[in-house]
J.: 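Before we start, here is the structure in question, set down as structure tokens.
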Number of protein chains: 2
Amino acid sequence: MAQKPSIPKGTRDFNALEVAKRSYIMNVIKEQFELYGFQPIETPSFENSETLMGKYGDEGDRLIFKILNSGDYLKKISNEDYDSKSETRITPKISEKALRYDLTVPFARYVVQHQNEIEFPFKRYQIQPVWRADRPQKGRFREFYQCDADVVGSTSLFQEVEFVQLYDAVFTALDLKGVTIKINNRKILSGIAEVIGAQDKLIDFTVALDKLDKIGEEKVKEEMRGKGISEDGISKLQPLFSLRGDFGTQVKSLKSILNTSKVGLKGIEELEFIDAAITNLGLKTATLQLDVTLARGLNYYTGAIFEVAAPEGVKMSSIGGGGRYDDLTSIFGKPDTSGVGISFGLDRIYLVLEELNLFPKTIADATKVLFINFGEKEALTCLEAVTKLREHGVKAELYPDDAKMKKQMTHANRRNIPYVVLVGEEELNSGMYTLKYMKTGEQQKLKLEELLSSLK
Amino acid sequence: MAQKPSIPKGTRDFNALEVAKRSYIMNVIKEQFELYGFQPIETPSFENSETLMGKYGDEGDRLIFKILNSGDYLKKISNEDYDSKSETRITPKISEKALRYDLTVPFARYVVQHQNEIEFPFKRYQIQPVWRADRPQKGRFREFYQCDADVVGSTSLFQEVEFVQLYDAVFTALDLKGVTIKINNRKILSGIAEVIGAQDKLIDFTVALDKLDKIGEEKVKEEMRGKGISEDGISKLQPLFSLRGDFGTQVKSLKSILNTSKVGLKGIEELEFIDAAITNLGLKTATLQLDVTLARGLNYYTGAIFEVAAPEGVKMSSIGGGGRYDDLTSIFGKPDTSGVGISFGLDRIYLVLEELNLFPKTIADATKVLFINFGEKEALTCLEAVTKLREHGVKAELYPDDAKMKKQMTHANRRNIPYVVLVGEEELNSGMYTLKYMKTGEQQKLKLEELLSSLK
């Protein structure tokens, strides 16, 4: 009968301290989202399969968790399909719903479905879990939270500017100084591909370029050659490998490469606008940096591309990312609705704050005072005081059983409860409460009102 | 290509106002949970199937959402099983995980799995969604939140007392006055069954009794006769049908029925303890009431049974429930661990607060001020002010495009933004900001510092 209990791989239980730390991060993000005018929405954990399938590429489709239909679900399969014993044919017949894979596609679905109730430009944020049937590994889970803010319904570059500020504001509020906000632009990447005559190899080219940090210049060039990019094209890329200096200087070098590409120059113009505005407004603790190797979800990004790197020295790469997508809602029947958004990686930010010891010390403050239970009569008197303390916002508890004193004191210690109150016969008779500070052992006899004011 | 977007039946999208209202309820509950010493945990959305299956009866098993295995999941089915085309044989082969059905079973699993890290008595709360493949109907959804608080590891009745107080505290904090906390005890039901010689018909008997309010005394008796309860037994029940007066008086009548049943008298004793303590401590806005017809999840309740009824006149029955279970963790290999807990029905409480117009008016307060965009130069100046306001905690936005003035003002109106700021050429030159109060149209020209202090 008894089973050894466990949870599915890639999932997690969170204890009180972990919940408190996670809530702390989410609340900081939420607060900044709202200061920036974003409003919360929530969507269901599962969507109709057709909403999700085909939106994340073949690999994505494989990683989507599908939900089995209820009831006599095998009845819906034709004999022919059944006899094929083929997942491709059978899955759509026995599963009509799937757990959401990210928050972006459900958001696009939401915008189209509710377009008549929404006031555009629509600034929404969403903090909810997503699920992926990925191979679990350190820092990668099958259930994890995404924290997204997006605006749809305007092409204004002021939004990109505000998202850079928002990243800075959140990480500053988390006391995580020195993050780098990397920025690129899909139009720059298209421009480069155009200039080197590899428009049709945009993805191969950006995938190779994206590895520059990891494998170095020579290997990147080799990979490009392997993908059929011409020697002439690769030589035109040379200035890319030696971009130096600040944002402005780098943009200038890029401009010289892209001067024959209309789309490339448009990308330059957008970067210049964002750089100028941010230079003018200033950032509190983050740095904005151009990174032409940045590609991310190239599939749907059409303009700015963002990624945030943790402060130098921290063992963690990206802790956030985002970008502009001009056409996401058209898959659900609403074309010409530009959107731009960013995401925060909760689990990774958690690890970084842990590594740098940046969680506030008060985060685990739970129960402040435990009333020791000496028996029914005493306990009833204690419960009156406990009730009063709670009404005044003091987290207070009565130990439920009249266990041995030592056991109850140990309980207070193990739970880091800083105070205990003792009400024995003497206190019952005198109407006093003995308050003991656990750390020093110091004791005071107090009236109820005094107890209240010392614990408040 | 374009699909008409929709969501699965029984699920919901929540807009900003709905999220705010739901968060308000959850935050009030959370705050009281923490004042009472409960600490949060979270468990994964899906569990291994064997953790959930067989814990909720056959009907429950059917209503659990199963997740399809990833990859070549059909390969694991033997030809014999496959040829049977039987859901009973095939489901366990193609699905190893399932969405949680409630928070109680995952909590029991958590307690057993983490028993060495947990300090008992363990007071935990958990506010997370659960999923049931139930037929959707008004007020019943396939995805909904449960808000549970439980203590495991102590049999003390002080916990039942505190849960009554906790219900009172939460509903008082929500300004929902006049709820009735109904209490019963499984031991009373067992005692009655014993007295009327129907121990083996405990479930039939309680199911019939549970309908007293709906179908009346005669029909209940008829149903009992139908289930084979003797005429003599039914006549012994007579006092049950005419329980009158306050808690104490009712308990006295019950005691006279149960005086030959040891277990029944133990139930009486427990009720008397809770009643005496609550009478002594007092409740703020709720009433405690004995209800011997209350059965609820009889399967695992072994002591107190709670249910909360909305104030009279409200179209809603139960808005919360709970009870004591002495043996929940033994299914996972940890016997003799008594638990007791209560749950709040978020969706139903939401409907009641809506019906009684009890949501605070400020709940929807989002962006406070919108800066009108008259062009790039003006907008950049606005963004400086917007940045400053946000740093001081004022929710501020810049309209992203230099659209027609009327369009921007309409946007502010539709979003209930109370103030707009106008920065045109004149303001640019003078360094002033024109603040307009949308309701009255009143305008003031202010310096940045003045703007800040009037909006803070």
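To find a chain, count down the sequence lines: A is the first, B the second, and so on, and within it residues start at 1.
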J.: Judged by atom type as modelled, is there a donor-acceptor pair below 3.5 Å linking the side chain of B:His411 to the main-chain atoms of A:Glu119?
T.: no
J.: Of the backbone (N, CA, C, O) and the side chain (C-beta and beyond), which part of A:Val161 lies under 4.5 Å from a heavy atom of chain B, both, or neither?
T.: side chain
J.: Can you see which heavy atom on A:Pro8 is nearest to which on B:Lys97, and at what distance?
T.: CB-CD, 3.7 Å
J.: Within the distance-only criterion (no hydrogens, no angle test), does the side chain of B:Glu42 pair as donor or acceptor with the backbone N or O of A:Asn15 below 3.5 angstrom?
T.: no
J.: Atom OG of A:Ser154 and atom CG of B:Asp401: how far apart are they, to the nearest 0.5 Å?
T.: 3.5 Å
J.: As an exercise: rank B:Asn280, B:Asp72, B:Leu398, B:Thr387 by heavy-atom pairs under 4.5 Å with chain A and give me the winner.
T.: B:Asp72
J.: Check side chain to side chain donor-acceptor pair (under 3.5 Å) between B:His392 and all other residues, then give those that pass, not counting sequence neighbours.
T.: none
J.: Decide yes or no for B:Ile67 and A:Lys66: does some side-chain heavy atom of the first lie under 4.5 Å from some side-chain heavy atom of the second?
T.: no
J.: Charged N to carboxylate O below 4.0 Å: is that the case for A:Lys123 and B:Glu397?
T.: yes
J.: Please identify, among B:Phe120, B:Phe38, B:Tyr125, B:Phe65, the residue contributing the most non-hydrogen atom pairs under 4.5 Å to chain A.
T.: B:Phe65
J.: Whether the side chain of B:Glu143 engages the backbone of A:Ser45 through a donor-acceptor N/O pair (distance < 3.5 Å, no angle test) should be reported.
T.: yes
J.: In plain terms, say whether A:Glu162 and B:Arg390 are close enough for a salt bridge, that is, a side-chain N and a carboxylate O under 4.0 Å apart.
T.: yes
J.: I would like to know whether B:Phe46 and A:Thr11 meet side-chain contact (heavy atoms from CB on, under 4.5 Å); could you show each step before the answer?
T.: CA-CA 8 Å; B:Phe46 47 74; A:Thr11 67; 3.4 Å; yes
J.: Under the side-chain contact (heavy atoms from CB on, under 4.5 Å) rule, what do B:Lys75 and A:Glu87 come out as? Steps first, then yes or no, please.
T.: CA-CA 9 Å; B:Lys75 298 278 178 303; A:Glu87 282 87 10; 4.2 Å; yes
J.: Identify which part of A:Ile90 has an atom lying under 4.5 Å from any heavy atom of chain B, answering side chain, backbone, both or neither.
T.: both
J.: What residues, two or more places apart in sequence or in another chain, satisfy ring-ring contact (aromatic ring centres under 6.0 Å, His included) together with A:Phe273?
T.: A:Phe158
J.: Pick one of side chain, backbone, both or neither for B:Glu391, based on which atoms fall under 4.5 Å of a heavy atom in chain A.
T.: side chain
J.: Kindly check if the number of other-residue, nucleotide or ligand heavy atoms within 6.0 Å of NZ (B:Lys9) is above 12?
T.: no
J.: Is there side-chain contact between B:Leu17 and A:Gln39, with heavy atoms separated by less than 4.5 Å?
T.: no
J.: Is the ring pair B:Tyr82/A:Tyr82 parallel, tilted or perpendicular, if the boundaries are 30 and 60 degrees?
T.: parallel
J.: State whether the side chain of B:Tyr399 and the backbone N or O of A:Pro121 hold a donor-acceptor pair below 3.5 Å, judged by distance alone.
T.: no
J.: Side chain, backbone, both or neither: which part of A:Thr91 has a heavy atom under 4.5 Å from chain B?
T.: both
J.: Report yes or no: does A:Glu384 contribute a side-chain atom to a donor-acceptor pair with the main-chain N or O of B:Leu281 at less than 3.5 Å?
T.: no
J.: One pair to check against side-chain contact (heavy atoms from CB on, under 4.5 Å): A:Thr43 and B:Phe14. What are the steps and the verdict?
T.: CA-CA 6 Å; A:Thr43 63; B:Phe14 297 108; over 6 Å; no
